[in-house]
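Counting starts at 1 for both ligands and their atoms, in listed order. Hydrogens, waters and symmetry mates are skipped; everything else that's a heavy atom, side chains included, is used.
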Amino acid sequence: MSTQLQTPFARCTWTHLIDGQDRPAGGGKTIDIVSPVDGEIFGSLAAGDAHDVDVAVDAARRAFEGTWSWMTALERGRILMRLGSAVEAEADALAELESRDNGKPLEQARADALALARYLEFYGSSADKLMGDVIPYLGTHFVGVERVPHGVVGHIVPWNYPMQIFGRSVGAALAAGNTSVVKPAEDASLTILAVTALARNAGVPDGVLNVVTGLGSTAGAALAGHPGIDFLSFTGSPATGTAVQAAAARNHVGVTLELGGKSAQIVFADADFDRALPSLVNAIIQNGGQTCSAGSRILVERSAFDRVTAALADRFRALRAGHPLSGPDLGPMINAAQKARVEGYLSGAETEGLMELARGKIAPDAPTGGYYVPPVIFAPASPDSILSQEEVFGPVLVVTPFSDEAEAIRLANGTPYGLIAGVWTRDSMRSLRVARAMRVGQVFVNCYGAGGGIELPFGGFGRSGHGREKGFEGLVGFTTTRTLVMAQS
Ligand code: NAD
């Protein structure tokens with residue numbers, strides 16, 4: 001099977017995009033672009049440093065003060081919607097690029113491109129609906145509260161859903177009147193660069209949207225600690241989130257942290273299990289389990305435990321990890337380190353004595369140099385086991401029995417994370433009680449939308465982070481307020 005890129009975005013050398021221009025790394029360094037599909041190097045990426053970040057932040061500041069924040073919200077919104085249409089028109093090409101760069105199955109990559117287009121449509125069309133308040137105060141005074149942009153926003157993006165995370169974060173920030181400097185993940189930067197190149201034609205003024213590529217420890221750290229940044233949106237691991245928040249604190253800059261998860265789906269014995277099964281499986285294999293809101297734990301009422309685990313085991317045995325262009329259930333892990341990390345968790349589970357119930361296969365078409373791991377399910381898993389507590393970020397599922405509603409709630413909330421949850425039952429009052437007891441940002445009843453919809457506020461509790469992105473609430477998060485008090489003259 002050909003792994004050559006046919007997309008019009010294909011090229012070997014990728015530079016930063018700053019102030020509307022291609023710009024190689026100031027220090028001249030590059031990073032190899034390795035495809036997880038086969039381990040082959042297929043290009044190079046600018047390895048940005050603190051100086052490149054300075055240049056990008058300066059450009060964003062000039063654009064903020066010069067054009068973007070003064071433009072009408074309607075005009076800004078129309079530009080973003082035009083960019084959304086351009087992304088939609090290029091969805092196939094972007095999907096091909098993403099599949100090669102990140103390894104996700106082509107159809108999932110296409111869904112990401114369409115989600116990005118929808119984010120731009122959603123935030124573009126919301127820009128002129130961001131309203132303020134009038135506060136009743138002294139009879140002699142008028143008090144108005146305006147929603148105003150933060151200024152220059154830094155966006156640090158992970159590799160697992162580059163287009164979607166760019167869409168929710170940059171789309172909302174620009175719609176609110178901020179300008180942006182984006183640091184994509186070194187393992188998957190290409191679609192963000194390709195979309196930024198489209199932005200100029202859509203009418204985004206130079207300097208409004210800038211991308212600096214490179215390593216987290218250099219370009220990322222420089223952006224997180226830059227004194228010219230007014231707000232930061234970080235999506236990634238809890239450990240990096242801590243470093244980013246500490247760096248931002250030195251400049252008294254606000255941060256949204258969208259971090260990891262260990263999300264549980266609770267299955268009561270009265271659930272419509274035929275309906276639940278595809279969701280239970282998909283929630284852990286989507287993007288190879290490399291999804292913050294992956295449903296990596298299933299809690300099953302004891303009386304249904306054997307029936308549920310038997311059906312899950314059958315399904316897992318049939319799953320195939322394979323070449324992203326051949327329609328596999330899941331593609332490869334993002335890189336060699338992630339593959340080794342997942343394999344480390346699998347051998348750790350064996351040492352801990354967890355019972356492996358079933359595992360899928362690596363398809364024969366999977367190139368040998370690629371980073372493939374089969375999906376694996378463990379049951380019954382102790383809720384205290386490492387696999388039940390830590391985010392694996394791979395296709396590894398644990399199933400644990402519970403005796404009653406109270407125990408289900410305790411187990412579901414029993415990790416340091418709190419991102420999303422699922423509840424499966426035919427008893428609507430119980431579903432409401434349990435859903436409202438979940439310490440998470442989104443709860444799905446008789447469905448499970450890993451990542452949720454574009455319109456739905458999303459974010460975590462505890463180790464899953466703080467602040468909300470997506471939905472209208474995400475737009476509000478990229479603003480602050482200015483209160484105007486006017487006395488009668
Ligand atoms: P990561 O934290 O390693 O990297 C995320 C980004 O931070 C990358 O761009 C990286 O280059 C950058 N970075 C690394 N070190 C940095 C530093 N010292 N200073 C500034 N930036 C730095 O995360 P990852 O491995 O790319 O992504 C996986 C993690 O992201 C998982 O924990 C996953 O759950 C989480 N995630 C969360 C969400 C969400 O919305 N909650 C969405 C996707 C992924």
Side-chain angles (χ1 to χ4, degrees), residues 31 36 45 47-50 53 102 104 112 115 119 154-169 181-189 192 211-226 229 232-248 250 253 255-263 286-296 333-335 337-339 341-342 390-394 415-420 440-442 449-452 454 456-471 474 477:
I31 300 169
L45 199 62
D49 58 17
V53 172
N102 158 300
K104 62 178 73 190
D112 283 4
Y119 275 118
H155 307 259
I156 301 177
V157 178
W159 43 260
N160 60 344
Y161 288 89
M163 285 191 276
Q164 292 214 37
I165 292 166
F166 174 91
R168 76 188 193 198
S169 169
V181 178
V182 185
K183 211 301 278 173
E186 47 273 43
D187 282 307
S189 298
I192 288 180
V211 181
V212 177
T213 56
L215 298 176
S217 53
T218 47
L223 185 59
H226 200 289
I229 289 289
L232 273 162
S233 159
F234 173 78
T235 305
S237 62
T240 312
T242 305
V244 165
Q245 181 150 19
R250 284 192 280 278
V253 164
V255 186
T256 296
L257 292 183
E258 295 278 5
L259 309 178
K262 192 74 207 175
S263 299
Q286 179 181 319
N287 209 31
Q290 303 169 117
T291 302
C292 52
S293 49
S296 52
M333 300 291 96
I334 186 73
N335 55 30
Q338 187 65 18
K339 177 176 190 259
R341 177 185 149 95
V342 175
E390 294 187 9
E391 183 184 47
V392 175
F393 228 51
T415 77
Y417 293 99
L419 197 53
I420 83 170
V440 297
Q442 288 186 337
I454 279 116
L456 315 181
F458 178 75
F461 284 67
R463 200 170 156 76
S464 293
H466 53 75
R468 295 291 178 267
E469 291 195 345
K470 303 188 171 188

Taking [X] for its side chain and [Y] for its backbone only, find out whether a donor-acceptor pair lies under 3.5 Å.
{"X": "E469", "Y": "I165", "result": "no"}
{"X": "S263", "Y": "I420", "result": "yes"}
{"X": "N102", "Y": "W159", "result": "yes"}
{"X": "Q245", "Y": "L257", "result": "no"}

Legend entry - Option set T240, T235, N287, criterion heavy-atom distance to atom 5 (C) of ligand 1, minimum: T235

Which distance, rounded to the nearest 0.5 Å, do you find between the [atom1] of [X] and the [atom2] of [Y]?
{"X": "F393", "Y": "S237", "atom1": "CZ", "atom2": "OG", "result": "9.0 Å"}
{"X": "R468", "Y": "R168", "atom1": "CZ", "atom2": "CZ", "result": "11.5 Å"}
{"X": "E258", "Y": "K470", "atom1": "CD", "atom2": "NZ", "result": "8.0 Å"}
{"X": "L215", "Y": "K183", "atom1": "CG", "atom2": "NZ", "result": "7.0 Å"}

Nearest-contact summary for [atom] - protein heavy atom, Å:
{"atom": "atom 27 (O) of ligand 1", "value": "P158 CB, 3.5 Å"}
{"atom": "atom 32 (O) of ligand 1", "value": "E391 OE1, 2.7 Å"}
{"atom": "atom 36 (N) of ligand 1", "value": "C292 CB, 3.5 Å"}
{"atom": "atom 35 (C) of ligand 1", "value": "G236 O, 3.2 Å"}
{"atom": "atom 25 (O) of ligand 1", "value": "W159 NE1, 3.1 Å"}
{"atom": "atom 13 (N) of ligand 1", "value": "G216 CA, 3.4 Å"}
{"atom": "atom 20 (C) of ligand 1", "value": "G220 C, 3.1 Å"}

Decide whether an N or O pair under 3.5 Å exists between [X] and ligand 1.
{"X": "V244", "value": "no"}
{"X": "S237", "value": "yes"}
{"X": "N160", "value": "no"}
{"X": "L259", "value": "yes"}
{"X": "V157", "value": "yes"}
{"X": "S464", "value": "no"}

Inset, instruction - For Y161 and ligand 1, answer yes if some heavy atom of the residue is under 4.0 Å from a ligand atom, otherwise no. - result: no

Which of the ligand 1 atoms, numbered from 1, are nearer than 4.0 Å to a heavy atom of [X]:
{"X": "P184", "value": "9 (O)"}
{"X": "K183", "value": "9 (O), 10 (C), 11 (O)"}
{"X": "I165", "value": "42 (C), 43 (C)"}
{"X": "F393", "value": "28 (C), 31 (C), 33 (C), 34 (O)"}
{"X": "E186", "value": "10 (C), 11 (O)"}
{"X": "I156", "value": "6 (C), 7 (O), 9 (O), 12 (C), 20 (C), 21 (N)"}

Legend entry - Exercise check, heavy-atom protein proximity under 4.0 Å to atom 40 (O) of ligand 1: yes

Legend entry - Test item: side-chain donor near acceptor, N287 and N160, under 3.5 Å: no

Legend entry - Donor on one side chain, acceptor on other, S233 and S169, under 3.5 Å: yes

Would you kindly specify which portion of [X] sits under 4.0 Å from ligand 1, judged on non-hydrogen atoms: side chain, backbone, both or neither?
{"X": "R168", "answer": "side chain"}
{"X": "F234", "answer": "side chain"}
{"X": "E469", "answer": "neither"}
{"X": "L223", "answer": "neither"}

Within-4.5 Å side-chain heavy-atom neighbours: [X] and [Y]:
{"X": "T415", "Y": "Y417", "value": "yes"}
{"X": "H155", "Y": "F166", "value": "no"}
{"X": "K262", "Y": "V392", "value": "yes"}

Inset, instruction - Before giving the answer on side chain to side chain contact (heavy atoms under 4.5 Å, CB included), spell out for V244 and L232 the whole-Å C-alpha distance, their side-chain angles and the decisive distance to 0.1 Å. - result: CA-CA 9 Å; V244 165; L232 273 162; 4.3 Å; yes

Inset, instruction - Check salt bridge (Lys or Arg N to Asp or Glu O under 4.0 Å) between E391 and all other residues, then give those that pass, not counting sequence neighbours. - result: none

